[in-house]
Amino acid sequence: MSRYRGVKDIPEEEYVAPGSALCAGCGAEIIARHMLKVLGRDTIMVNVPGCYAISTLFPYTAVKVPYVFAVFGSGAAVAQGIRDGLDILREKRGVNNDRVNYKVVVYVGDGAAYDIGFQSTSAAIHRNLDFYFVCYDNEAYGNTGFQLSGATPYASMTSTSPPLGDSVGNEYGKKDIFEIWRAHRAPYVATISVSHVTDMLNKFEKAKEFRGPKLFVALSICPTGWGASQEDTVRIARLAVETGMWPLKEAVYGEVKHTFIPRRLKPVEEYLKTQRRFRHLFKPVRRDEEISRIQREVEEYWRRVWEKELNR
Ligand code: SF4
């Protein structure tokens with residue numbers, strides 16, 4: 001049975017202090033807060049260059065758990081060193097010693113998860129490193145000016161893929177990091193959204209059962225880069241789920257299950273219209289071909305899910 005069923009079940013403990021330098025309404029902050037509510041005080045957070053790095057500007061930090069800053073491509077390699085050190089301590093001091101039972105979490109943006117840090121992450125999964133890898137996916141390089149990343153969706157405007165002339169913005173599709181991790185046979189892989197908080201908390205709770213690499217990919221609304229209203233973070237995240245653009249799912253030892261299955265999808269344009277990065281699809285002229293392509297790809301995905309999971 002799920003441990004978290006409603007707002008009253010959300011733990012009151014806070015391990016992220018208010019007042020960090022992140023933009024108002026940033027999804028990365030909300031995800032970190034809720035992740036630590038479940039993983040708790042005995043967590044060591046590894047961070048790399050990216051938006052969340054500005055939560056900790058020496059000598060100040062908004063994070064109330066041990067925090068290590070690594071170079072961009074090395075989050076998972078640094079996690080390996082920390083895990084090894086803890087395991088050696090555990091052998092020396094025994095499992096009941098308070099100082100040895102920390103969880104190690106690599107908390108990174110999509111630049112590190114999909115692109116620059118992928119090599120060290122893939123190697124860590126291959127070695128079956130016991131760690132959490134949590135990606136706040138804002139679908140671009142947010143803190144350096146919103147450049148294209150491997151997570152940028154088709155037709156999004158970025159500073160390196162402007163929609164000029166015939167160009168639609170990003171011409172490539174988003175990499176499927178969930179499937180890439182699943183192909184590595186990680187014990188637990190999940191997607192989460194700030195709009196579905198109990199789903200997120202229950203997934204973090206469930207992941208504690210597994211020894212080995214555990215991935216979370218969170219759609220991280222970025223009001224600044226996406227050109228969205230900072231009050232609308234949760235509403236936009238909910239629309240991403242309800243239009244089918246951000247499926248909520250998990251895979252346990254490769255077996256995929258969707259944790260929210262919409263019976264009917266809202267039109268994708270309800271989601272796209274909330275963000276300036278997609279404005280060129282609607283103004284000055286409506287680009288029906290591109291909007292239909294996005295809608296069609298979402299529907300094809302869900303048709304497969306409905307056939308498979310609703311007929312079980
Ligand atoms: S640029 Fe986007 S992801 Fe980065 S801190 Fe601001 S809102 Fe968050």
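Just so we're clear, the structure is a prediction, and the values are computed from it rather than from any experiment.
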| query | More than 12 non-hydrogen atoms from neighbouring residues, nucleotides or ligands closer than 6.0 Å to CD on Glu209, yes or no? | reply | yes

| said: Is it the case that over 12 heavy atoms from other parts of the model lie below 6.0 angstrom from the CD atom of Glu91? | reply: no

| Salt bridge Lys175-Asp110, side-chain N to carboxylate O under 4.0 Å | no

| message | Can you tell me if Gln119 has over 12 outside heavy atoms packed within less than 6.0 Å of its CD? | response | no

| message | Quick one: does any side-chain atom of Lys203 pair with a main-chain N or O of Ile192 as donor and acceptor, under 3.5 Å? | response | no

| said: Parallel, tilted or perpendicular, judged at 30° and 60°: which one describes the rings of Phe118 and His184? | reply: perpendicular

| Is Lys214 positioned over the aromatic face of Tyr132, cation under 6.0 angstrom from the ring centre and no more than 45 degrees off axis? | yes

| message | Students often mix this up, so state it plainly: with edges at 30° and 60°, are the rings of Trp181 and Phe133 parallel, tilted or perpendicular? | response | tilted

| task | Quick one: pull up CG in Leu86 and CD1 in Ile88 and give me the separation to the nearest 0.5 Å. | result | 9.5 Å

| field | Heavy-atom donor-acceptor pair, Tyr67 side chain to Thr56 backbone, under 3.5 Å | value | no

| Distance, nearest 0.5 Å, that separates CG of Leu36 from OH of Tyr15 | 8.5 Å

| request: Would you check if Glu290 and Arg293 make a side-chain contact, meaning some heavy-atom pair closer than 4.5 Å? | output: no

| remark: Residue pairs meeting salt bridge (Lys or Arg N to Asp or Glu O under 4.0 Å), one or both in residues 22-33, sequence neighbours left out, come to Glu14-Arg33

| request: May I ask whether Leu39 and Val63 are part of the same hydrophobic cluster, defined by side-chain heavy atoms of I, L, V, M, F, W, Y residues being less than 4.5 angstrom apart, directly or through others? | output: yes

| Can Lys174 and Glu297 be counted as an ion pair, charged N to O under 4.0 angstrom? | no

| query | Got a sec: does the CZ of Arg279 have more than 12 other heavy atoms crowding it under 6.0 Å? | reply | no

| note | Distance col, row Gln275:CD vs Asp232:CG, nearest 0.5 angstrom, shows 10.0 Å

| Rounded distance [0.5 Å steps], OH in Tyr154 versus CD in Glu171 | 8.0 Å

| Side chain Trp246, main chain Ser193, donor-acceptor under 3.5 Å | no

| Has the side chain of Thr121 got a donor or acceptor atom that lies under 3.5 Å from a matching backbone atom of Ala76? | no

| Under 6.0 Å from the CZ atom of Phe282, do we count more than 12 heavy atoms belonging to anything else shown? | yes

| task | Name the orientation class of the two ring planes belonging to Phe216 and Tyr188 (parallel below 30°, tilted from 30 to 60°, perpendicular beyond 60°). | result | tilted

| Do side-chain atoms of Thr233 reach the backbone of Gly25 as a donor and acceptor pair under 3.5 angstrom? | yes

| Ion pair Lys208/Glu205, N-O distance below 4.0 Å | yes

| Would one find more than 12 heavy atoms of other residues, nucleotides or ligands at under 6.0 Å from atom CZ of Arg182? | yes

| said: Determine whether Asn170 and Thr152 satisfy the following criterion, side-chain hydrogen bond (donor to acceptor under 3.5 Å, both in side chains), listing intermediate values before the conclusion. | reply: CA-CA 7 Å; Asn170 178 30; Thr152 305; 5.0 Å; no

| query | Roughly how far apart are Thr243 OG1 and Lys266 NZ, rounded to 0.5 Å? | reply | 9.0 Å

